[in-house]
Amino acid sequence: MRRPVIAGNWKMNPPTLDEAISLARAVAAVSAPLDGIDVVVCPPAVWLTAVAGELAGSGVAVGAQTMHHEERGAFTGETSPLMLAGLASYVILGHSERRQYDGETDEGVARKVASAVAHGLRPIAAVGERLDERRSGATEAVIDRQLRAAVSGLDTIAGSGLVIAYEPVWAIGTGEAAEPSDAQSVARQIRGILHERFGDDAGDVPIQYGGSVTADNAAAFLALPDVDGALVGGASLKPEQFAAILAAAAG
Ligand code: PGA
């Protein structure tokens, strides 16, 4: 059975190493008593080593926010899967901010997901429609296209540790979360596509909801039959908020 995965996406925060360490310490403290969920923090790449060191043995996993699909080479500014070995066990791929600001494409996400799995990293592959796409009734088509592309390089998902994050772009950082019923119908669509591609292994894939998840609304998303976790941005920088989200997931 799948375990809920609650991941904190710190994005380009916090600005100092000391703050990153204290945030990691605070997450470890609030996670310690909780059972039955996987807790992940995804700091900026420059803080990965220190945060991984701080969290060693705490039960809180570390994730990267992106990576390059190649192991090495002339790719200025990039981080390779080999560099993440021993530091991160997860990697967020295809986040809408990278699609929007860094030109990440469906094909690029596919290469990264395949590379992550090949290197023993659990991909958190993010999909989600923009506001204009939602308004024009294209949500289902966008999810279908992004998801099929993201997993196109995988022959099987058994043992891959794959996680899918459904993040409607218009809900990210806006304080306007999706309606839980909408999140459930997209999560069910995602589960259906995975089932069609990979059979019963689809039942093992945690599907997260992300987009303005807070201590107040987390329980409603986590209670949905096809939602097994959350990808949390803003609230993951506030230890009391993140703690409440974790507690909702642990039930
Ligand atoms: P948010 O970000 O929780 O601040 O909306 C979510 C995300 O981008 O993963």
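When a ligand or atom number is given, it counts from 1 through the structure's own listing order.
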Undergrad: Closest approach of S212 and E176, non-hydrogen atoms and distance?
TA: OG-N, 3.5 Å
Undergrad: Of V60, I6, N9, which meets side chain to side chain contact (heavy atoms under 4.5 Å, CB included) against V41?
TA: V60
Undergrad: Name all pairs fulfilling the ring-ring contact (aromatic ring centres under 6.0 Å, His included) condition that reach into residues 47-68, sequence neighbours left out, sorted by first residue then second.
TA: H68-F75
Undergrad: Taking only residues two or more places apart in sequence or in another chain, which ones pass ring pair (Phe, Tyr, Trp, His ring centres under 6.0 Å) with Y209?
TA: F221
Undergrad: For ligand 1, would you mind listing the residues that have at least one heavy atom less than 4.0 Å away, ordered by chain and number?
TA: N9, K11, H95, E167, A171, I172, G173, G211, S212, L231, V232, G233, G234
Undergrad: Name all residues meeting the salt bridge (charged side-chain N to carboxylate O under 4.0 Å, His left out) criterion together with E196; count only those two or more places apart in sequence or in a different chain, and write none if there are none.
TA: R148
Undergrad: Between H95 and E104, does any side-chain donor sit less than 3.5 Å from a side-chain acceptor?
TA: no
